[in-house]
Amino acid sequence: MTEIQGIISKMNPEVVKSVIQNGSSSTNNKSFVSDFPLCDYTLRLSCGGDEKNGVKYSTSPLTIFYNGTVSVFHVSPQKAEDILKFGEQAIHNSEINSHGQQYQYLTQSLNDLPITRRISLQRFLEKRRERLIMLSPYYFPTNNSNFNSSRKR
Amino acid sequence: MEETNSKKKINCTEGSSSSGTGSSSSSGPYDTVWECVIPYVNDPRDRAAASQVCKRWYAIDAITRAHVTIAFCYSVTPQILSRRFPQLESLKLKGKPRAAMFNLIDENWGGYVAPWLNQVAIGSFPKMKALHFRRMIVSDADLETLANSRTGKSLEVLKLDKCSGFSTDGLLHIGRLCRNLRTLYMEESMLVEKDKEWLHELASNNSVLENLNFYMTELTQVKPGDIELIASRCKSLVSVKISDCDISYLVGFFRAASSLEEFGGGSFSLPLQQTNEGVFSDPFEPYAGVAFPPKLCGLGLTYMGKAEMPVIYPVASKLKKLDLLYSLLGTEDHCELLKRCPNLEFLEARNVIGDRGLEVLAQFCKGIKRLRIERGADEQEMEDVEGMVTQRGLIALSQNCLELEYLAVYVSDITNSALECIGAYSKNLSDFRLVLLDREERITDLPLDNGVRSLLKGCDKLRRFALYLRPGGLTDVGLSYIGQYSPKIRWMLLGYVGESDKGIIEFSKGCPSLQKLEMRGCCFSERALAMAVLGLTSLRYLWVQGYNACGDGRDLLTMVRANWNIELIPARRHFVHDDERGTLAIAEDHAHILAYYSLAGERNDFPNSVRMFDPSAFRNT
């Protein structure tokens, strides 16, 4: 739950207030722990609203901790997504590229589809970092330092 | 090999048939010739073509086919395989998409060996001697089943290649019962270490081992004594690659392994503690007594730094294979070492090797055939300042190392002329992979349309090709060049190429041999992807992550066809820690599409994160 606090604490308080106002009308001040539904719902491929063919999507609880209060809203996955996006914009203030929709998608994608590393190399680099810490508890990375210079006599 | 061939030879007397297929029509002398020739026809494409000539030749191929590689395990069932090739001696199966090696696929995605091993265990493949599973899920129970079966008793090769799901308990069964193993390979597998007994079992029960590999596994309780025991009992031991174990403990092993040609792994310990004067002892001292076996020509030592590097010098001139991926060397150290390796044919290193290291290769290692340069750490203080590979290094390399067959490289900068140079000189190149790192904002020379065209036209032996760029890296025209000039390429990985749907459509009009396509970070719509699939005549496997999904996926209906399975992994979001900002951020896992030909129907062992594409969901809308 501290994860959400971290996000919310970065948001503009006015934004958060308006989001809470726009959320479901039934507010519930019970503070119970429930998993943030991000991992449970699957984002649909569509960009539609809360309804499809007259069928309402089922809602799940969205819990927001803010300024000492806890609020729970029952929202659909789409609504939750909208709220997240809203919050993200408040944090990141991303600029929209004016070269057309597809290029815009690409430039945004570059940030959230990074080149991932091979697992074997990732593990090696992590172990190397651990070794450096073990080598000297006071190891201080500096610019232009060849790794080996820290092991010279 | 000759032995196997003559064993497979069918009785070559004129007009007779010992295969007993019951076929009444026979073309007499032609069949006889074919029966005598077929044991020497090994290329699966040749075999496939021959088997379509007539029923008789199909039958002969069926009972003489010795090896099959199933490029994607869900394309057939074990039962189909055993009916088609009952006399199989060697089987290679691949499971999870390649993206699994880059942490992009859930562990429980699928690719279970159980159905295959069960088929083997019931005796469907009486001649099976070699099993190779790559990126698959293997359980201890599976290994126990295998070890206890008749096949297990005579098994000669077991490769659990980047697999997961098993522990040392499973290996205990293998070590105890598979006494004919020549090769036990587990490189990069994720297995749980419960104890160190398995290695001792293997050492005690096996005297014919030739290849032992548990490189890049998390086995930490390896006893040097057990490895030494294997070396002394197995006189044919040729290749050993292990997990971390200090090299100074392996002096006895190296002395015992008199036939050893390749060694990988081990480790170098951290320098000894300070003395009273506050000076480090000589880090090389513990390793001064290490003497490598006389035939050693392949080496890769984990955590080898500049101080320990001299341990390689006595054998450097004999080295054909060198693995520096997990070393702790700077650019200058690479140069120092590579100067001493004139016979090098296969080198793996991180990009800390730098352009200067490539220039040294160009000057001293002109016979190099395979070069893989991986991406090092991103933080500048963790790697050498010179540790970047750019067009400068590639040009020097291609102009001087004309034997190059395999080149995979992560570059920080690139130009069209570098690619043109490769096209002009690297005439033996059959596998080329280039990834443009995303740290530098400005790249010298983009787009790479002309360079890519020159490379593809010049390297006419190319079979495998990967190009991973960034927006603006390759225009739609450049993408159409790839389609146009890739007659023999069978596998491609494309990242951030093209600008619009037009690009992928044009691309799909070419690539006549393309069987497997992987794409990431595309700007293409679902409709364009589906149309491209229909255009690529040889395509049997497609994986895409990051595409222009707008709508509910109905545009994928375009590619619905018989025996073509379509799986989706919907996008999802999760929290990650943003190291730069020190806050939590929301990361998006983009949706995947996986589509493949299959004779097995839809699979039913998929996790919640995977969805089968269901055309009927769109019929009423």
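Every chain is numbered from 1, with letters handed out A, B, ... down the list of sequences.
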[X] versus chain A, heavy atoms under 4.5 Å apart: side chain, backbone, both or neither?
{"X": "B:Ala99", "value": "neither"}
{"X": "B:Ile569", "value": "neither"}
{"X": "B:Asp244", "value": "side chain"}
{"X": "B:Val352", "value": "neither"}
{"X": "B:Ser327", "value": "backbone"}

Surrounding NZ of A:Lys127 (heavy atoms of other residues, nucleotides or ligands, distance under 6.0 Å), is the total greater than 12? yes
Working to the nearest 0.5 angstrom, can you tell me the gap between B:Met101 CE and A:Gln122 CD? 15.0 Å
When rounded to the nearest 0.5 angstrom, what distance separates CZ in B:Phe102 from CG in A:Leu121? 9.0 Å
Do B:Asp378 and A:Arg117 have side chains that approach each other closer than 4.5 Å (heavy atoms only, starting at C-beta)? yes
Do the side chains of B:Leu325 and A:Phe124 get nearer than 4.5 Å, heavy atoms only? no
Looking at chain A, which one of B:Gln545, B:Arg520, B:Glu188 has the largest number of heavy-atom pairs inside 4.5 Å, strictly under? B:Arg520
Greatest number of non-hydrogen atom pairs under 4.5 angstrom with chain A, of B:Met190, B:Met216, B:Arg350, B:Lys162, falls to B:Arg350
Under 3.5 Å, is there a donor-acceptor pair between the side chain of A:Arg123 and the main chain of B:Glu218? no
By salt bridge (charged side-chain N to carboxylate O under 4.0 Å, His left out) - contacts of B:Arg372 (at least two apart): B:Glu348, B:Glu374
Which atom pair, heavy atoms only, marks the closest approach of A:Ile115 to B:Tyr468? CG1-CE2, 3.7 Å
